[in-house]
Protein chains: 2
Amino acid sequence: MKVLDSTSFVPLYHQLKEIIIENIENNIWKPGDKIPSEHQLREQYNVSRNTVKKAIEDLVQEGTLYRVQGTGTFVNKPKIEQSLSGFYSFSQVLKDKGLRPKDILLELEQVKAPQKIASALQINKDEEVIMLKRLRCANDEPIILETSYLPVNRVDDLEKMKLVGKTPLYDILANDFNVVVSSAKETFEPVLILEHEASQLNVHEGSPALLLERIAYDSMRRPVEYCKSIVRGDRCRFYTELI
Amino acid sequence: MKVLDSTSFVPLYHQLKEIIIENIENNIWKPGDKIPSEHQLREQYNVSRNTVKKAIEDLVQEGTLYRVQGTGTFVNKPKIEQSLSGFYSFSQVLKDKGLRPKDILLELEQVKAPQKIASALQINKDEEVIMLKRLRCANDEPIILETSYLPVNRVDDLEKMKLVGKTPLYDILANDFNVVVSSAKETFEPVLILEHEASQLNVHEGSPALLLERIAYDSMRRPVEYCKSIVRGDRCRFYTELI
C-alpha cells in the first residue's frame, strides 16, 4: 500500500487525493463503489481528520466522488465532456462516447412569448411561439432539462415537433421548415438546481448545474430559437481550445 | 401599477418575473435594494404563494436577485460578462466595464508538483513548480480565486512573480522569461463553493461557482501554465459565439 510522505513539499491532502484518483483510474474502485470511510482513511494513512476532510471535499467538488447522506462516499461516473467551441449535437456527443441518447418530450405547446423570449427572438411580446421542453438522457439517466422557444412565424406546425426524440430538432427545422441554424450566441453561468428541476433531473435541490442560454440564428442572422438548458454539473464538463 | 393578466397564455409567475425585471431595468429598484416581501407581492398582484415563490426562485437562480436569510430579497449587481471564445485578460474585461481590477497575492512558493499538475505540465511528478495563488477583485469585491502552477524549468525566478498585480502574468512570462503563451485548453464545470474558498470569496459555502481549469501553451505547444480558478457564479457569466 502507498504511504504518504510527510517530508514532501506536496501537501498531505494532495497526496491523499492522488492515491484516491489512482485507485479509481486503475479500476480498483469503480463507479458506484463506496470508498473507505473518513475514519478508515485516517487510520490507513495515519493522517489528521482535516487532511482526509480536505481531500474528500476537493474530490466531491471536482465531481470525482459523491456523498450520500448517512451512507458514505462513492465513486462517480466520469463526466460527459462537451465542446464549447462549435456546434455540437448532444445526441452525437453521447453516441461518440458509447452512451445511448434518449429524449423525453415533457411539454409541447403554443404559447404567447414573455418579454425576455420575445426580445431574444426579435418578435413582439405576446406573439405566438412553440414551447418545447425535453429531458435529455444518456443511458436512461437524465442529464439536461432543455426548453426551446421557436417563433410561430417561422415554425408553424406543432405536430411536426413530435418527431423530436427520433430526429434532431435542427434537422426538423431544416427539412420541414427550411430554417437552417447557422450561428448562435450562448451564455453560461453556474447555478443551483431548483426543487422542480431536481425531481426531473433526479438530483438533490441545490446541486450544481450550468444554466446555458442560446439564441440560434439562420443564415440571414434572424433569430430562430431561444433555448434555456439546465445541465447537471455532476455529470457534465465543457471544454474549449483557445488559439 | 402593472397588473397580471390571468387570461394570458403567459404563466402568471412569468408575468411577475418580468415586472420585477422591468423595475430593475428602469432603475426603480437598484442593486442592493430590498424588494417587497413575498407577502407584499402576493397582495399587490393578487397571486398565490406559489406564483410569487416560483418567480423569486427563478430570479435568484438566474442571479438577478439574492436572498439574505431572515432579512429579505435584494437586487443583485449585474453579472460581469466574459468571453469564452478567445484569450481574455480579466483585468482588461473589468477596465472595459469601468470596474477597477485588483489582484491580491495570497501565496507564492516553489513546491513539488503533484501528479495531476505534473501530467498537465508534461513534467515528472515532484519536479519543482512555482505556485501562485491570487484573489482577483473588481472594485475591491473578490470575484475569482486563481491558482497558477508554472514549471521552474521555464520560469525560474520566484521574485519576479511578485510583480503580479501590477503587471499581467502573461506579460511577465513574455518579458522576463521569454515564454509567450499562444494557445490554451480550458475546461469548465459548475461546482459548489467550499468552506475555505467561501471565506476568501466572501460568499456562503455551497454557493454556485464555475471551476475553470486551463493549460496554457507556448508557440511550440509546450505547456507553460496549469491554472485552476474558482469563479463566483453570482457575479460572473460567460458567453461565446458559435459560427
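To find a chain, count down the sequence lines: A is the first, B the second, and so on, and within it residues start at 1.
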Practice item. Look up atom OH in B:Y239 and atom CD in A:E186, then write down how far apart they are to the nearest 0.5 Å. Key: 14.0 Å
Point to revise | Pairing of A:E241 and B:R221 as salt bridge, 4.0 angstrom limit | key: yes
Practice item. With a 4.5 angstrom heavy-atom cut-off, could you sort out which part of A:I193 is near chain B: side chain, backbone, both or neither? Key: backbone
Exercise for review: Could you grab the distance from atom CD of B:E62 to atom NZ of A:K228, nearest 0.5 Å is fine?
Suggested key: 4.5 Å
Study note, to complete from the structure: With chain B, the option among A:V60, A:L210, A:L211, A:V111 that has the most non-hydrogen atom pairs under 4.5 Å is A:L210
Revision key, fill the gap. Bottom line for B:I215: the part with an atom under 4.5 Å from chain A's heavy atoms is neither
Point to revise | Residue part contacting chain B, namely of A:E197, when any heavy atom lies under 4.5 Å | key: side chain
Review point. Considering only heavy atoms, which portion of B:I19 lies under 4.5 Å from any heavy atom of chain A: side chain, backbone, both, or neither?
Key: neither
Check your understanding: Of the listed residues (A:V231, A:L194, A:I21, A:T187), which shares the most heavy-atom pairs with chain B below a 4.5 Å separation?
Key -> A:L194
Revision key, fill the gap. Here the gap from B:I117 atom CD1 to A:H14 atom NE2, rounded to the nearest 0.5 Å, amounts to 4.5 Å
Study note, to complete from the structure: When the 4.5 angstrom heavy-atom criterion is applied to A:Q115 and chain B, the contacting part is both
**Study point:** Residue part contacting chain A, namely of B:D234, when any heavy atom lies under 4.5 Å
**Key:** neither
Review point. In Å and rounded to the nearest 0.5 Å, what is the NE2 to CG distance from B:H196 to A:D58?
Key: 6.0 Å
Exercise for review: Give a yes or no on whether a salt bridge exists between A:R237 and B:E213, defined as a side-chain N under 4.0 angstrom from a carboxylate O.
Suggested key: no
Check your understanding: For A:R49, does the CZ atom have more than 12 heavy-atom neighbours from other residues, nucleotides or ligands under 6.0 Å away?
Key -> no
Point to revise | Greatest number of heavy atom pairs closer than 4.5 Å to chain B - which of A:E18, A:K112, A:E109, A:R232 | key: A:E18
Point to revise | Closest contact, heavy atoms only, B:E189 versus A:C236 | key: CB-O, 4.1 Å
Check your understanding: In terms of heavy-atom pairs under 4.5 Å, which option from B:K185, B:Q110, B:E81 contacts chain A the most?
Key -> B:K185
Review point. Between A:M131, A:Q61, A:K17, which has the largest tally of heavy atom pairs under 4.5 Å with chain B?
Key: A:Q61
**Study point:** Contact leader toward chain A among B:E128, B:K116, B:E195, where contacts are heavy-atom pairs under 4.5 Å
**Key:** B:K116
Review point. Which atom names give the shortest non-hydrogen contact between A:P208 and B:P190, and what distance separates them?
Key: CB-O, 3.6 Å
